[in-house]
Number of protein chains: 2
Amino acid sequence: MKWDTLDEEPCSLSRTIAVIGDRWTLLILRECFLRVRRFEAFQSALQITRHLLSERLKKLVRFGILRRVPYSEAPKRYEYILTQKGLDLYPIIMAMVHWGDTHMGDERGRPLLHEHKTCGKQFDPVMVCSECGEPLHAKQVHVHPGPGRKEAIG
Amino acid sequence: MKWDTLDEEPCSLSRTIAVIGDRWTLLILRECFLRVRRFEAFQSALQITRHLLSERLKKLVRFGILRRVPYSEAPKRYEYILTQKGLDLYPIIMAMVHWGDTHMGDERGRPLLHEHKTCGKQFDPVMVCSECGEPLHAKQVHVHPGPGRKEAIG
DNA sequence: CTCATAAGTCTGAAAAAGGAACTGACTTGA
DNA sequence: TCAAGTCAGTTCCTTTTTCAGACTTATGAG
């Protein structure tokens, strides 16, 4: 597998994997959604080596997930902020959190609860069909080739 | 980071990452949802080395995502079938596909289209709040510690 | 007997990750 | 003004994973 051109595959899942398909990147994104923005903060939260953190942040900036914004001129210092493209990863993260809550939980209960500010309630994320609004299940979905070629789930 | 105990972290995202947080595993799951079930079929579809495929399938079986079911007694041959726990990963895969469609597309258009058998229409997956049914956005969600401890997105 | 198929295992080389010290441009406090 | 601290990285070396491809075991077909 040529991982360096995975983002050009005719499969949307491969293209997504090219960007967020590794453990450190996902953990970095978790911190981003928890409003962590600075190099030192990521490093101490995750205990990732500085080398890898530096490389992963560059990659996320290159793919337009994060913006590198100066917050101090002298000395030059930057922080990393989610772009809209990055914010749009939220459903992926939430789907993963929800699966973990459901299938990997232990007797201690959920680590975090989520409150929807809009309605004020504690909620779970549910994936529904954009057309009929019903919850989606794998077996109710039929795939067929789109204009960007056939094969693969997406 | 001790990746081997990631599934015991007090964070549902970490626990999910422990299971599906690598590129090959996600691609193997893609094939599972496309109804691929046998060792040789995975291998030729993905061009993954047999060694890694073997290891990843074992891991998915160990975590209860796949079941190893005999389909021939002599010689003994097995196929790998998604369990309910595995089928429940569908929203994660679909969320990734949808993000790829939206943000990593090219001029050729989508590689695959999805039809919801229930309503008969071509659809996109949408993540909504289980309580009010409104689409979820990162900024409308407030997290607070649950019984299984604080910190981390989930 | 020989070839083909399926599901793996083994091995040596290449790539990625890990650990820890180092750099450079400041700021703060004594 | 001198030492110590902060922040955002970079460099270097070791250990672990991954990769590519050959080998194995069991069996059926011709």
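Heavy atoms only: backbone and side chains are in, while hydrogens, waters and symmetry mates are out. First the proteins, then the strands, lettered A, B, ... as listed; each starts at 1.
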N or O in side chain of B/Tyr80 less than 4.0 angstrom from C/dA6 OP1/OP2: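 So the side-chain polar atoms of B/Tyr80 never come under 4.0 Å of the phosphate oxygens OP1 or OP2 of C/dA6.
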Contact under 4.0 Å: B/Trp3 side-chain N or O vs C/dG18 OP1/OP2: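 Yes, because at least one side-chain N or O of B/Trp3 sits under 4.0 Å from OP1 or OP2 of C/dG18.
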5'-most by nearest nucleotide on DNA chain D - B/Asp22 or B/Pro75: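 Its nucleotide being nearer the 5' end, the pick is B/Asp22.
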Roughly how many Å is it from [atom1] in [X] to [atom2] in [N], rounded to a whole number?
X	N	atom1	atom2	value
B/Glu79	C/dG8	CD	P	12 Å
B/Leu52	C/dA16	CG	P	14 Å
B/Glu55	C/dC10	CD	P	13 Å

Straight-line distance of [X] [atom1] to [Y] [atom2], nearest 0.5 Å:
X	Y	atom1	atom2	answer
B/Arg30	B/Leu46	CZ	CG	6.0 Å
B/Leu66	B/Leu60	CG	CG	5.0 Å
B/Arg77	B/Arg38	CZ	CZ	9.5 Å
B/Ile93	B/Leu26	CD1	CG	5.5 Å
B/His116	A/Cys129	NE2	SG	5.0 Å

N-O pairing of B/Asp106 and B/Arg108 below 4.0 Å: yes
Side-chain donor/acceptor of B/Arg77 to base of C/dA6, under 3.5 Å: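 Yes.
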Check: A/Arg50 side chain, C/dA20 base, donor-acceptor under 3.5 Å: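 No such pair is found, so the answer is no.
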Would you indicate what [X] reaches in the nucleic acid, counting non-hydrogen atoms under 4.0 angstrom: base, sugar-phosphate, or nothing?
X	result
A/Phe42	nothing
B/Arg68	sugar-phosphate
A/Lys58	sugar-phosphate

DNA chain C: 5'-proximal contact among B/Ala41 and B/Arg23 (nearest heavy atom):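 Going by which nucleotide is closer to the 5' end, it is B/Ala41.
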Outermost nucleotides of DNA chain D that come under 4.0 Å of a non-hydrogen atom of chain B: D/dT18 to D/dG28
B/Phe33/B/Tyr90 aromatic ring centres below 6.0 Å: yes
